[in-house]
There are 2 protein chains.
Amino acid sequence: MSAAEAALHESSVSSALVSIFRGKFCDALLPGRGALHFAADEILYDVGDRNRVVFFVRKGFVKIGTLTPEGREVIYDIRKDGDVVGELCACHTPRRDRAVALEPAEAIRVPYSEIVDALRGNPDLLVKLLEIFCNCLADAYDQITTLASQDLPGRLVQVLLGLASKIGRPAGEAVQIPAYLTQEEISQMVGARRERVSTALNSLRRRGLLEYSSRGHLLLHVAALRDFAP
Amino acid sequence: MSAAEAALHESSVSSALVSIFRGKFCDALLPGRGALHFAADEILYDVGDRNRVVFFVRKGFVKIGTLTPEGREVIYDIRKDGDVVGELCACHTPRRDRAVALEPAEAIRVPYSEIVDALRGNPDLLVKLLEIFCNCLADAYDQITTLASQDLPGRLVQVLLGLASKIGRPAGEAVQIPAYLTQEEISQMVGARRERVSTALNSLRRRGLLEYSSRGHLLLHVAALRDFAP
DNA sequence: AGATGTCAGTTACGCCAGTAACATTCGAAA
DNA sequence: TTTCGAATGTTACTGGCGTAACTGACATCT
């Protein structure tokens, strides 16, 4: 296992609903359904939607977030192929969150009611789903802790480490973030202005904690980021 | 229904795991178990614990939160009688969260394994539990949104409204918060210093959006708080 | 090639919030 | 009742962040 791979796996939870594909979900729900194609910036579902549907991402990246009444966007999570998206419809209609493709993506759409039906006969699957929800919750609490107690550089490092463990790919000694995230989007993940993110990223870059590569794909030096002290 | 009651029920989710008592959980898990007694500030479970146990609160209030590496405390939620506490053990050992009694409290302790066993034969219960987790998650995302996009007065108002809907009791035209929360604890819920909370609370009080009553128990004018504009 | 649009980098300015230090009030124990 | 400690209220100083306003780099479209 390379240093980069080790660095990846040290990291805590994969909060996204990974690996559901490899369970019986796949057999029970997905066969015979075609994947929908989404263009970059296309909306899978939006705040206010009343359809209770869940998506199984097959390709690409999807951002989960919301819009505030003042029109600001906030991003909770980035999900990738193999993840489930839209699980919050289990309790709220109309929806309060939204999911948007970050680049061309494919996903299979399944009504929530069919999932519940499938689960009803399959307790093991339900226990697993419960654990997955629990992981999401733990991740959300982590974000609350970070937002409430860290300054911008600290929050930025936390978000980057979270991205590395969720969607990162080993690239030599470093970890690459395969999704293209604008600084604006990163700023919506750390709760700060884009300008601050710009300077904070450059500060981290000057210290050798990360590099930019083509088209803004970040290269993270995870170990260095982890023992970052302001 | 009084104005205060109406104001309470308009409010969104009760994120705490309310009403599990009234389901079959009660019959399946609780009979024959004695409630444990906790003194004020006594710890139900702490960061680092490896026991997978869940508590059913019967009396009093419990704060759920964590301690940051720098020693700061962050509070995610306040739970009361009828709520479940400790559900995060479904996915993480050692624990990363902690639960502390706010005042003398009673709770029944049940190992997580026994809950899973009980759930296995009871799909309906599991679906319900799933919804409850989902509510918690939605509430956590709300907090992220608030922390990332609002200034201190806004965050404070959000937290107070959340408390009103979760643990508030109608008291005339207002809603009373029956738990005694210090300003320090409120500050750990809004991600700000205690001093700022002091001045912000006084500012809200001067505008007639809330009152102090005996022993710091807050009286909230929910409708006024809801259309609060800085 | 030029026009257009988006994203990144940078600055000046003002305000809000963290820090520190202290005064005051209140409640509970002695 | 007195006393002590904890919680609250308040202030001055300072640093960090939001705001606004540009500049430059790059890509795409016409």
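The structure presented is a predicted model; accordingly, all values stated were derived computationally and were not measured. These numbers come from the heavy atoms of this one structure, side chains and all, not from hydrogens, waters or symmetry mates.
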Using a cut-off of 4.0 Å on non-hydrogen atoms, how would the nucleic acid contact of B:T182 be classed: base, sugar-phosphate, or nothing? sugar-phosphate
Please report the distance, rounded to the nearest Å, between CD in A:Q183 and C1' in C:dT10. 12 Å
Once you round it to whole Å, what is the distance between C1' of D:dT10 and CZ of B:R206? 11 Å
Atom NE2 of A:H217 and atom P of C:dA8: how far apart are they, to the nearest Å? 12 Å
Can we say B:R205 and B:E211 salt-bridge, meaning some charged N sits less than 4.0 Å from an Asp/Glu carboxylate O? no
Can you tell whether the side chains of A:D142 and B:R96 come within less than 4.0 Å, N to carboxylate O? yes
Grab the CG-P distance between B:L147 and C:dA17 for me, whole Å please. 13 Å
Residues B:R194, B:E185: salt bridge by 4.0 Å N-O rule: no
Send over the distance from A:D151 CG to D:dT14 C1', rounded to a whole Å. 15 Å
Whole-Å distance between C:dA8 P and A:I186 CD1? 8 Å
What is the distance, to the nearest angstrom, from the CG atom on B:L152 to the P atom on C:dC16? 11 Å
Between B:D139 and B:Y76, do the side chains contain an N or O donor and an N or O acceptor separated by less than 3.5 Å? no
Between B:Y180 and B:T199, which residue's closest nucleotide on DNA chain D lies nearer the 5′ terminus? B:Y180
Is B:K166 salt-bridged to B:D77, cutoff N-O under 4.0 Å? yes
Would the base of D:dG9 count as contacting B:R194 through its side chain, where contact means a donor and an acceptor less than 3.5 Å apart? yes
Give A:L201 one of three labels, base, sugar-phosphate or nothing, depending on what nucleic acid heavy atoms sit under 4.0 Å from its own. nothing
Atom CD of A:E195 to atom P of C:dC7: distance rounded to whole Å? 14 Å
Below 4.0 Å: OP1/OP2 of C:dG9 and any side-chain N or O of A:Y212: yes
D:dG9 phosphate, OP1 or OP2: any side-chain N/O from B:R196 under 4.0 angstrom? no
